[in-house]
> 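The structure's right below; bear with me while I get my questions together.
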Amino acid sequence: VSMAKDPSALLYRRPHEAGYNADFYTQEEIWERVFDDGVLGVKPEETKLLLSEPVLNFEALQNGMDELVFEAFGFSGLSLAAGPELVAQHAARVGESRALGASAFANSTGAALVIDCGHSFCHAVPLFNGR
């Protein structure tokens, strides 16, 4: 933005459409700025990455993300999980005091329904026995 001579000619691009990463080129440009310019001070080859992905993500999009993470940036590892799975794991860790039913979930004997609402979608995800 600071290099633009005419800000009215700027085009706003985002890599995600309807919750899915649809533009890996734009995502790569964003990550290059965040990682390479020292914003976070991260060396991908020494770092494992945790990414959330949409529920029922398409295999082609998963493969594209794998290519971006490993081939373009060289991260040493990647863990993918849907948002509701991460919520359930967090609830199991914080215990009954902060999340209803968390102790049953921590023991992998319970069930939960996680409602995940985003910009252009809403999923109701049932989780049984910690999965």
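None of the values given here were measured: they were computed from a predicted structure. The figures that follow rest on heavy atoms only: side chains count, while hydrogens, waters and symmetry mates do not.
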> Give every donor-acceptor pair under 3.5 Å between a side-chain atom in residues 48-60 and any protein atom, sequence neighbours left out.
residue	atom	partner	partner atom	Å
E53	OE1	N57	ND2	3.1
E53	OE1	Q62	NE2	3.3

> What donor-acceptor contacts under 3.5 angstrom involve side-chain atoms of residues 70-79, with partners at least two apart or in another chain?
residue	atom	partner	partner atom	Å
S76	OG	T47	O	3.1

> Where do L127 and P84 come nearest, in terms of heavy atoms and distance?
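Between these two residues, the closest heavy atoms are CD1-O, 3.7 Å.
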> Please give the remaining members of the hydrophobic cluster of L113, linking ILVMFWY side chains under 4.5 Å, ordered by chain and number.
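Once heavy-atom contacts under 4.5 Å are chained together, L113 belongs with I115.
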> Linking I/L/V/M/F/W/Y whenever their side-chain heavy atoms sit closer than 4.5 Å, directly or via other members, would V125 and F121 fall into one cluster?
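Each belongs to a different hydrophobic cluster.
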> Using the side-chain hydrogen bond (donor to acceptor under 3.5 Å, both in side chains) criterion, which residues pair with N63? Sequence neighbours excluded.
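Counting only residues at least two positions away or on another chain, N63 forms no side-chain hydrogen bond (donor to acceptor under 3.5 Å, both in side chains).
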> Do you know the tightest heavy-atom contact between E28 and L68?
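Shortest heavy-atom separation between E28 and L68 comes out as CB-CD1, 3.5 Å.
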> Indicate every side-chain donor-acceptor pair of residues 14-21 with a distance under 3.5 Å to a residue at least two apart or in another chain.
residue	atom	partner	partner atom	Å
N21	OD1	D23	N	3.3

> What are the two closest non-hydrogen atoms of W31 and V69, and how far apart are they?
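Here W31 and V69 meet closest at CZ3-CG2, 4.0 Å.
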> Is the side chain of E46 donor-acceptor paired with the backbone N or O of K43 at a distance under 3.5 Å, no angle test?
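Side chain of E46 to backbone of K43: no pair is present.
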> For the CG atom of D66 and the CG atom of L61, what is their distance to the nearest 0.5 Å?
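The CG atom of L61 is 11.0 Å from CG of D66, to the nearest 0.5 Å.
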> Who pairs with E29 by salt bridge (Lys or Arg N to Asp or Glu O under 4.0 Å), at least two apart in sequence or on another chain?
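Residues passing salt bridge (Lys or Arg N to Asp or Glu O under 4.0 Å) with E29: R13.
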